[in-house]
Amino acid sequence: WPHPEKVTWSSSPAEYGLDYNAFELETENGTVYGWKIPAQQPIGDDAEEWVEATEYSDKTVVFAVNYDGNRELLDLGGISYMVDLCAAGYNVITFDWTGSGFSDGTKNVFTLEKAEELKAVVQFAADETKASFLAVQGVGFGCYPAAVAAAECEEVDALILDSCYNLFSSVFYDNFGNWSGVDLAPVRETVRLLFPMVSGVDAESYSLSQPIRAMSGKNVLFIQGEQDEIFGSSHVQELYSYAKADNAASVWMVSGATHLRTRSYDSEGYLNKVSAFLTEAYEEERVV
């Protein structure tokens with residue numbers, strides 16, 4: 001589980017008619033590879049043909065994907081979500097963490113040590129797209145590095161956390177059976193001793209409340225399925241209480257949705273909610 005097999009994508013932006021460029025970027029953990037997809041408008045309603053992406057957009061969204069996924073973002077429906085964002089006027093940057101997809105390395109311990117990679121990609125996105133407004137969306141285990149990057153990077157104006165957790169130790173030691181199918185109860189204490197040696201990280205050290213408490217002047221949206229059986233949903237209100245102290249924060253609890261199924265449960269409602277959040281955050285930044 002700490003080091004999942006690399007998974008490559010099953011489709012590319014070109015199959016949706018999108019204009020895009022592949023990129024590679026050196027980070028402290030190795031080279032990461034990804035896609036840079038400029039904002040562009042579809043011809044007609046089917047989004048199979050697009051107007052050439054020649055007009056400049058100063059709005060960019062960077063994705064921090066789940067630890068066992070890749071730049072295709074299957075947890076949010078794949079490239080179809082990127083299609084929605086591009087059509088709404090946003091550039092999209094999506095990439096493979098080191099240890100996933102086509103990027104370097106084999107180590108990918110639940111993205112706990114990936115914040116520096118994401119910060120490098122954020123800087124790349126700001127430079128390459130010349131964005132005056134930049135949002136980061138974290139998904140699942142990608143929420144932790146997304147929160148750290150938002151707290152530490154001035155370039156990040158808005159943060160979306162979809163299906164997040166708070167205490168990693170609780171997710172791993174207490175809820176392990178929920179997402180792995182393996183009951184740790186009989187060997188929990190043994191695993192507590194072995195996990196740091198196997199993974200190289202201390203599970204007790206990672207909590208989203210830390211970067212969220214350190215965050216200031218950002219726009220933050222939490223999206224959580226009310227029926228999230230993996231991470232649960234009660235912690236979101238606590239994280240929201242921390243975020244709203246120094247940020248413009250809101251929570252969308254998706255009724256009936258389970259873990260990582262918030263967009264698939266209601267893709268139109270999801271786009272409307274995210275678009276409204278990003279539009280409001282963008283307008284606030286322009287006023288400032």
Sub-4.5 Å side-chain heavy-atom contact between [X] and [Y]:
X	Y	value
Val65	Phe95	no
Val32	Trp97	no
Leu134	Val122	yes

Ring center gap for Phe110 and Phe172 short of 6.0 angstrom = yes
Are the aromatic rings of Trp9 and Phe102 close, with centres under 6.0 Å apart?
-> yes
Find the distance between [atom1] ([X]) and [atom2] ([Y]) and round it off to the nearest 0.5 Å.
X	Y	atom1	atom2	answer
Cys143	Ile160	SG	CD1	10.5 Å
Leu221	Tyr240	CG	OH	11.0 Å
Ile93	Ile37	CD1	CD1	8.0 Å

Would the distance check show the side chain of [X] and the main-chain N or O of [Y] forming a donor-acceptor pair, the cut-off being under 3.5 Å?
X	Y	value
His235	Cys164	yes
Gln40	Pro38	yes
Trp35	Tyr20	no
Ser275	Asn272	no
Ser233	Asp228	no
Ser80	Gly77	yes
Ser199	Phe195	yes
Ser103	Gly99	no
Trp50	Tyr16	yes
Ser170	Leu167	no

I'd like to know if the side chain of [X] pairs up with that of [Y] as donor and acceptor (distance under 3.5 Å, no hydrogens or angles considered).
X	Y	answer
Asn70	Asp96	no
Ser12	Arg71	no
Thr60	Asn91	yes
Glu26	Thr31	yes
Ser209	Glu238	no
Asp162	Thr262	yes
Glu72	Ser11	yes
Tyr242	Asn166	no
Tyr282	Asp58	yes
Thr98	Glu117	yes

For Thr258 and Glu229 the tightest heavy-atom approach is CB-OE1, 3.3 Å
Asn247 versus Met215, closest heavy-atom pair with distance |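 So the two residues come closest at ND2-O, 3.2 Å.
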When hydrophobic residues are tied together by side-chain contacts of less than 4.5 Å, even through go-betweens, does [X] share a cluster with [Y]?
X	Y	result
Val201	Phe168	yes
Leu278	Leu271	no
Leu74	Tyr270	no
Ile212	Met253	yes

side-chain contact (heavy atoms from CB on, under 4.5 Å) between Phe124 and Thr27, worked out = CA-CA 11 Å; Phe124 168 83; Thr27 76; over 6 Å; no
Which class fits the ring pair [X] and [Y]: parallel under 30°, tilted 30 to 60°, perpendicular over 60°?
X	Y	value
Tyr206	Tyr144	perpendicular
Phe63	Tyr81	tilted
Phe231	Tyr165	perpendicular

Evaluation steps, salt bridge (Lys or Arg N to Asp or Glu O under 4.0 Å), between Lys6 and Asp68 = CA-CA 8 Å; Lys6 290 185 175 183; Asp68 58 350; over 6 Å; no
Just wondering, more than 12 heavy atoms not from Glu15 lying within 6.0 Å of its CD?
-> yes
Within a radius of less than 6.0 Å around CD of Glu280, do more than 12 heavy atoms belonging to other residues, nucleotides or ligands occur?
-> no
When Val62 is tested against each of Leu118, Val92, Thr94 for side-chain contact (heavy atoms from CB on, under 4.5 Å), which residue passes?
->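 Of all the options given, the one that passes is Leu118.
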Pi-cation contact, Phe23 with Lys36 (under 6.0 Å, within 45°) | no
